[in-house]
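Basis for what follows: all heavy atoms, side chains included, without hydrogens, waters or symmetry-related copies.
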Amino acid sequence: QLIPETAERFGVRDAWDPEQNLRGGMAYLRWLLDHFEGDLRLALAGYNAGEGAVERHQGVPPFAETQDYVRRITAMLSR
């Protein structure tokens with residue numbers, strides 16, 4: 001799910017269209033991986049909390065939701 005500003009930034013015209021939303025989300029994740037030089041944890045944190053929050057906190061922000069999100073996704077990927 002993309003917030004309206006991020007959807008627009010990545011060319012999603014109809015955020016309710018599942019295909020457009022998925023493509024926009026994948027483009028955003030790819031951009032985050034590039035932006036954070038391949039650091040998956042920072043990219044995931046950026047996807048959840050926004051890249052600005054990651055930059056302000058110079059790492060995974062101290063938000064319980066974001067920390068849990070990063071933990072859950074990295075755990076699933078390591079199976």
#### Entry: side chain to side chain contact (heavy atoms under 4.5 Å, CB included) between Leu32 and Glu51, intermediate numbers included
CA-CA 7 Å; Leu32 288 165; Glu51 70 264 15; 3.8 Å; yes
## Note on the structure
For Ala43 and Leu33, the nearest pair of non-hydrogen atoms, with its separation, is CB-CD2, 3.7 Å
### Message
With heavy-atom distances below 4.5 Å as the criterion, would you say the side chains of Trp16 and Asn21 are in contact?
### Response
no
### Query
Got a second to check how far Phe10's CZ is from Gln20's CD, nearest 0.5 Å?
15.0 Å
#### Entry: Gap separating the CG atom of Leu77 from the CG atom of Leu44, nearest 0.5 angstrom
7.0 Å
### Message
Applying a strict under-4.5 Å side-chain criterion to I, L, V, M, F, W and Y, I'd like to know whether Val60 and Met76 cluster together.
### Response
yes
### Query
Are more than 12 heavy atoms from other residues, nucleotides or ligands located less than 6.0 Å from atom CZ of Arg9?
yes
### Query
Between CD of Glu19 and CG of Leu22, what distance do you get to the nearest 0.5 Å?
8.0 Å
## Note on the structure
Nearest heavy-atom approach of Gly25 to Leu2 is N-CD1, 3.6 Å
### Query
Which value, rounded to the nearest 0.5 Å, describes the distance between Tyr47 atom OH and Leu29 atom CG?
7.0 Å
### Message
Looking at Glu8, I want to see if its CD is surrounded by more than 12 non-hydrogen atoms of other residues, nucleotides or ligands under 6.0 Å.
### Response
no
#### Entry: Between CZ on residue Arg71 and CZ on residue Arg41, distance to nearest 0.5 Å
8.5 Å
### Message
Using every non-hydrogen atom in the two residues, find where Pro61 and Ala45 come nearest and quote the distance to one decimal.
### Response
CD-CB, 3.9 Å
### Message
Quick one: does any side-chain atom of Thr74 pair with a main-chain N or O of Val70 as donor and acceptor, under 3.5 Å?
### Response
yes
### Message
Please give me the minimum heavy-atom distance between His57 and Pro62, naming the atom from each residue.
### Response
ND1-CD, 3.3 Å
### Query
Any side-chain heavy atom of His35 sitting closer than 4.5 Å to one from Glu55?
yes
### Task
Hey, could you give me the CG/OG1 distance between Asn48 and Thr66, rounded to the nearest 0.5 Å?
3.5 Å
